[in-house]
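Worksheet for the structure shown next.
Just so it is clear: chains get the letters A, B, ... in the order the sequence lines come, proteins before strands, and each one is counted from 1. Worth saying up front: this structure is predicted, and the values here are computed from it rather than measured. Values reported hereafter were calculated over all heavy atoms of this structure, with side chains retained and with hydrogens, waters and symmetry mates removed.
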Amino acid sequence: MDIKHVNTNTINVLPTFGSSASFSSLIESSSFGDGFVSRSNKGINALQMTLNLEFKELTDLESQELISFLQSQFFYEPQIYSNEGKFTNKRIEPFRYQPFFPYKENDFTCFNYNHNKTYFNCNDVSVTLMSIANSILSSVEPAINTNAAASFSANLSFELGDNLKAFDIQNTSANNSIVISEPTILYSTLTHQILNIFSYPHTIPPNNHAMVFVYEPFGITSMDGLSTSTNLKNSIYIHNPTSSPINPNKVQTLPTTSSDSDYLMFNFRPTNYFSLSHTPKYRVSNATDFYKKYNKYGFNPNLNNFTLEFSNRTDFEAKSILLFLESHLGYKKFGFHFNKDYNNKSFNDTTNTTPHRRKLSTFYCPEWTHTAVYKDNHKISATFIESV
Amino acid sequence: MKFIPYEDVPIAFVREGSEEYVFAESATLSVSQPLEINRQLDDNIIQICSYDNNIDSIQYSEQTFSANIDTQVTLGPSFGPAQPIATSIYKIAKDTKITFPNNKHLYFFEDIYPNGHDYMVNVYSTSGGWTLTEGEAQSGYFEPIYKYSATNGVQGTLDVDFYLDTGNLSHFFNITGLFQPDTYPPIDEDYCGIILGNFSITYAYLKSFNFSVSPNSISQASASFDVYGDINRSADFEFVHAQNFPNYYKNKSIAHGQNTNFVGLLDDLDMEHPISFNYGISVDRLARYDLPTGTYETIDGLIPSRVSKKSTQITMSIQGENFNPSMTTDNYFGGKGANLKVNLYDLSYDNFETDSDGYMHTFQVSGVVNTNSLSVSSDGYLNGEVSVSQILK
């Protein structure tokens, strides 16, 4: 039963606040002994985006147009059999749709919607759009300084007087020009000092010099800087990722191997309430149904799973969080400071490497949901799984 | 300080070239916005990671403080990695006190407006010769100023008590009427503009309208509007009636109980002599805010793209000399029907210069009797009251 057919080629009405975007990764887990699990993505389409769009208080005509468009994707057409020996019009073709901030236009298909008529000439329609064939190869690099195209390093030398706070910047990345724009943030490679660009020379060709004006809260004279804000940074779903720098603050205190120090820190704090339920790993051996023995299992029995909420985030912070999570593709690890009470101060990280005996642990985030609450107000719910 | 007179304040309604000012007794304008405080985990706790800023060597070592000399500290748990100040904080004011265990205190050296990258701050002590242990440095409590986030749009309400006249009735206070007769579906959801003194409102949606009539008195009315968008305030409201409303001082013909009459009271309610009459119509309205594709700086989502009309209800109540307790009719339990009309008139002076219109408007209800009551007191009349309501749309 089709609604009154209205010719529309796209979704012409804007959704209302409360719409959300959900992400989930398809992970292949390889289990080894003692609870050790290795995870990797299943193919290049392994990070899936689903849009849940709420269209509230539509007029009858608006709802007819919307539903007619969604239904038209599945209208029956006489099959055309081509000379190549295949049906040419049986596939469900995705359509282009521009989601809400901060996502970019993408291909979507709608497999589910719900029309709720609430009153005369008042309709609520909930639409679920699934993104089609987005490749994780478009992802931004999760770590800084690993890809000269996605980040740049620079030599900053103090040039003018204190009041002007001007620096001479020289692009030292290999073979690419960079665009430095507000609000690019330059991170010192040696300290936690940062520079916020507020006046810039636009594009700096490779191996060239330019003068930038910066805001810096401390007395910096010169430094080697890093930034991920380049015009060549790409993203799977986020529009214009160059405006959201990924903080290059790394997990420095994990000792062991050099690769450990490549984990970035997820420095965004969750909302100030949490509920933590924990199920330690154990093994049960039962000789009979009523005689059981419970045994400790594995090196890391106390790994936690959190569902964290990041509420009341501005556009800029929400975009930075989403870009960080996306860049880790649902399976790459990152460092995270949980509640201070969970910091075990009595252990030395240089000698203890299992998570339950360290002050800091690493996590991966296989799924998260972003809800646009209102203007400049976003909520992100994310599942953090502790991992070795 | 003294009270500033705010008298002879015009209140006018504007819509598509049509404009009317009303003869009002009082008006109240209020606005509100739902806000949530932004709080994050441990956002009121300072942890000192180290007293230097070397990113490769974040290791806590105790430092002796000197009085009134600022010290740069890197924030975060001891042994790092460093952690910036929470973004839920709008401002940490200069000299804000940080309380550590064992009665030890530090103070922020300058104002801080966190941006997510504040790994280092400058602090100072008011006394010298003491240190913070590693454990103490992990729990510095302070009280910042937090941010707030809006969870919905700004909405206001304008309530006005006024006197009915012919011009304002049909255009601005007719909830079920159509400003454009060819509108389809026949529902008028448009807004009107309102000027109240030196305040101007662009998006005002009528939500309820009430008036009462009693013998030998002027009919008084009240209306309530939902208000959205900017409320502009000019420095001087004199321009409103001087330029926009040349008829500001023109005589008004207002409704009066002298010639106003009722139809259907005797037939449906057994009431012949009403002593007062109240009419009210209200509509449930819901605002739709569009979710923009851009950032918060775009105008989309700031004002509603539609304020829909839902259930519309009319209620009439009449006080008079009679009381009929029968609420059922011939074993029909769907309510006792009543079909009432009030024909509103002004005083109908013959002199043309008085701007008399005579008949002004008819209000009608075709509904059911809700309540029926009788009151008798030692110092009054026998009063019956009947209330009739109708769900219109």
Heavy atoms of other groups near [X] [atom1], more than 12 under 6.0 Å:
| X | atom1 | value |
| --- | --- | --- |
| B:Phe109 | CZ | no |
| B:Glu143 | CD | no |
| A:His239 | NE2 | no |
| B:Tyr191 | OH | no |
| B:Tyr90 | OH | no |

Against chain A, work out which of [options] has the most heavy-atom pairs shorter than 4.5 Å and name it.
| options | answer |
| --- | --- |
| B:Ile112, B:Ile45, B:Val307, B:Asp43 | B:Ile45 |
| B:Gly153, B:Ala287, B:Gly76 | B:Gly153 |
| B:Leu302, B:Leu286, B:Asn152 | B:Asn152 |

Check whether [X] gets within reach of chain B through its side chain, its backbone, both or neither, counting any heavy atom under 4.5 Å.
| X | answer |
| --- | --- |
| A:Thr16 | both |
| A:Phe274 | side chain |
| A:Glu62 | side chain |
| A:Asp376 | both |
| A:Pro270 | both |

Rounded to the nearest 0.5 Å, what separates atom [atom1] in [X] from atom [atom2] in [Y]?
| X | Y | atom1 | atom2 | result |
| --- | --- | --- | --- | --- |
| A:Tyr374 | B:Glu36 | OH | CD | 14.0 Å |
| B:Arg306 | A:Asn121 | CZ | CG | 5.0 Å |
| B:Thr293 | A:Tyr97 | OG1 | OH | 8.5 Å |
| B:Leu41 | A:Phe268 | CG | CZ | 15.5 Å |
| A:Glu317 | B:Ser88 | CD | OG | 8.5 Å |

Testing the basics here: between [X] and [Y], what is the closest heavy-atom pair and its distance to 0.1 Å?
| X | Y | result |
| --- | --- | --- |
| A:Ala372 | B:Leu291 | CB-CD1, 3.7 Å |
| B:Ala150 | A:Asn377 | O-ND2, 2.8 Å |
| A:His337 | B:Pro81 | NE2-O, 2.9 Å |
| A:Asn267 | B:Ala82 | OD1-O, 3.8 Å |
| A:Leu58 | B:Arg288 | CD2-NH1, 3.3 Å |
| B:Lys310 | A:Thr118 | NZ-OG1, 3.0 Å |

Passing candidate, side-chain contact (heavy atoms from CB on, under 4.5 Å) with A:Asn312, options B:Thr87, B:Asn38, B:Leu35 | B:Asn38
For A:Glu57 and B:Ser308, test the side chains for any donor-to-acceptor distance below 3.5 angstrom and give the result as yes or no.
-> yes
Side chains of A:Tyr119 and B:Asp284: is there a donor and an acceptor less than 3.5 Å apart?
-> no
Select, from A:Val373, A:Asp60, A:Val13, A:Thr59, the one with the greatest count of heavy-atom pairs under 4.5 Å involving chain B.
-> A:Thr59
Measuring only between side-chain heavy atoms, which start at C-beta, is [X] closer than 4.5 Å to [Y]?
| X | Y | value |
| --- | --- | --- |
| B:Gln40 | A:Arg313 | yes |
| B:Gln83 | A:Arg269 | yes |
| A:Phe17 | B:Pro292 | yes |

What part of B:Arg39 lies closer than 4.5 angstrom to a heavy atom of chain A: side chain, backbone, both or neither?
-> both
